[in-house]
2 protein chains.
Amino acid sequence: MSSTERLQRYLSDESGSCGDTEVAQRLAELEELDAAAGGPDLEADVSVLSALANETRYKIVRILHIADEELCVCEFSPLLDVSDSAISHALSQLTDAGLLTRRKDGKWRKYRTTARANALLIALDGSRK
Amino acid sequence: MSSTERLQRYLSDESGSCGDTEVAQRLAELEELDAAAGGPDLEADVSVLSALANETRYKIVRILHIADEELCVCEFSPLLDVSDSAISHALSQLTDAGLLTRRKDGKWRKYRTTARANALLIALDGSRK
DNA sequence: TAGATGAATGAGTAAGTACTAAAATAGGCC
DNA sequence: GGCCTATTTTAGTACTTACTCATTCATCTA
């Protein structure tokens, strides 16, 4: 059975009667939603969310957010139960995703959250039940 | 080499001199940040982010957000290039994560975004450069 | 410049994820 | 009850990810 047939039955159930015209119209509405939802930002948004969707990386961003200052790679090391290499991988992923900025300071590297990262954490905090 | 030794060298580089006391104090500060970051919400936050961090699921939430009304499972079917089973999986994950609510209406199931989902999408939209 | 240290990168691997297909569940209708 | 349809669940599989270890790159210092 095609998804259009099922949609037709659904619209019949909802609005009483429903011919092909109404189905076509609803389909057009839905495809408009789909087009609006699937713009060029979709992929970028998903990669930002993927970057945050990991305990190690999320914790790094949280720590930086709370600290409200830049921190050195070496300061994460005592706090996270993973190798320095894993921390470096995590920091790079977060930076690539636009959630952190990296700054060289001699032989040390310092990281800080971006506005995007802060906005997401604030949204999470503000919508907690 | 321990991470504490590296931290000591870092603090020396930064603040000039640095004895064990200063290292211990900075460590305590960092661990306080860590404790604040790693509260009970961490796990839940990560699972919310994981739920959104997938193109199919993200698109579902976006569509519902733009639609600003509840939609039937059968209305997603023509818009997403995956099986009905995959759509159902996605909807369940999103519901479990607290991003959607599910309502039975006869033999149809209708979904709607939660305040948490809307907050996250708005944060993404508002922080786009 | 050689040696040491901080951090990033590459390769490999164990665990997790996203899908499909098939079976199960649930509602409505005869 | 028996049948049809909408959706969910289960099982299986290809793919992706998150880590560790080893290596490389970069920067300071003696």
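For the numbers below, each heavy atom of this structure counts, side chains included, while hydrogens, waters and symmetry mates do not. Residue numbering restarts at 1 for every chain, and letters A, B, ... go by the order of the sequence lines.
- Taking the side chain of A:Ser88 as heavy atoms from C-beta on, and the options C:dT9, D:dT7, C:dT20, the nearest nucleotide is C:dT9.
- Judged purely by atom type and a 3.5 angstrom limit, A:Asn54 has no side-chain atom pairing as donor or acceptor with the backbone of A:Ser50.
- Proximity of A:Ser50 to the phosphate of D:dT17: no side-chain N or O atom is located under 4.0 Å from OP1 or OP2.
- At least one side-chain nitrogen or oxygen of A:Arg9 sits closer than 4.0 Å to the OP1 or OP2 atom of D:dA6.
- Distance OH (A:Tyr10) to P (C:dG28): 14 Å, rounded to an integer number of Å.
- Atom pair B:Arg6:CZ and D:dC28:C1' shows a separation of 16 Å (rounding to whole Å applied).
- Phosphate proximity of D:dT9 to B:Ser92: present, with a side-chain N or O under 4.0 Å from OP1 or OP2.
- Straight-line distance from the CG atom of A:Leu91 to the C1' atom of D:dA18: 14 Å, rounded to whole Å.
- Looking at B:Arg57, its side chain never comes within 3.5 Å of a backbone N or O of B:Leu94 through a donor-acceptor pair.
- Proximity of B:Arg102 to the phosphate of D:dT7: no side-chain N or O atom is located under 4.0 Å from OP1 or OP2.
- Phosphate contact (OP1/OP2 of C:dA26, side-chain N/O of B:Arg109, threshold under 4.0 Å): absent.
- B:Tyr10 and B:Arg6 share no donor-acceptor pair across their side chains, judged by distance under 3.5 Å alone.
- Taking side-chain N and O atoms only, B:Arg57 has no distance below 4.0 Å to OP1 or OP2 of C:dT17.
- Rounded to a whole Å, the OH atom of A:Tyr58 is 21 Å from the C1' atom of D:dC19.
- Atom CG of A:Leu7 is separated from atom C1' of D:dT5 by 15 Å (rounded to the nearest Å).
- Relative to the side chain of A:Asn54, the nucleotides D:dA18, D:dT7, C:dG6 differ in distance, and D:dA18 lies closest.
- In this structure, B:Glu55 places its CD atom 14 Å from C1' of C:dC19, rounding to the nearest Å.
- Residue order along DNA chain D, read from the 5' end via each residue's closest nucleotide, puts A:Ser83 first among A:Ser83 and A:Gly106.
- A donor and an acceptor atom sit less than 3.5 Å apart, one in the side chain of A:Ser85 and one in the base of C:dT9.
- Regarding A:Leu94, its CG atom lies at a distance of 14 Å from the C1' atom of D:dT17, rounded to whole Å.
- Judged by distance alone, with hydrogens and angles left aside, the side-chain atoms of B:Glu31 form no donor-acceptor pair with the main-chain N or O of B:Ala28 at under 3.5 Å.
- If you check the side chains of A:Arg102 and A:Ser92, you find a donor sitting under 3.5 Å from an acceptor.
- Listed pair A:Tyr111 / C:dA8 meets the phosphate criterion, a side-chain N or O lying under 4.0 Å from OP1 or OP2.
- Within the structure, every side-chain polar atom (N or O) of B:Gln93 is placed at least 4.0 Å from both OP1 and OP2 of C:dT17.
- Along DNA chain D, the nucleotide nearest to A:Ile87 and the one nearest to A:Lys107 differ in position, and the one closer to the 5' end is contacted by A:Ile87.
- In this structure, A:Asp84 atom CG and C:dG10 atom C1' are separated by 17 Å, rounded to whole Å.
- The shortest distance between the side-chain N/O atoms of B:Lys104 and the OP1/OP2 oxygens of C:dG27 is below 4.0 Å.
- For C:dT17, its base never sits under 3.5 Å from the side chain of B:His89 at any donor and acceptor pair.
- Other residues, nucleotides and ligands place more than 12 heavy atoms under 6.0 Å from the CD atom of A:Glu70.
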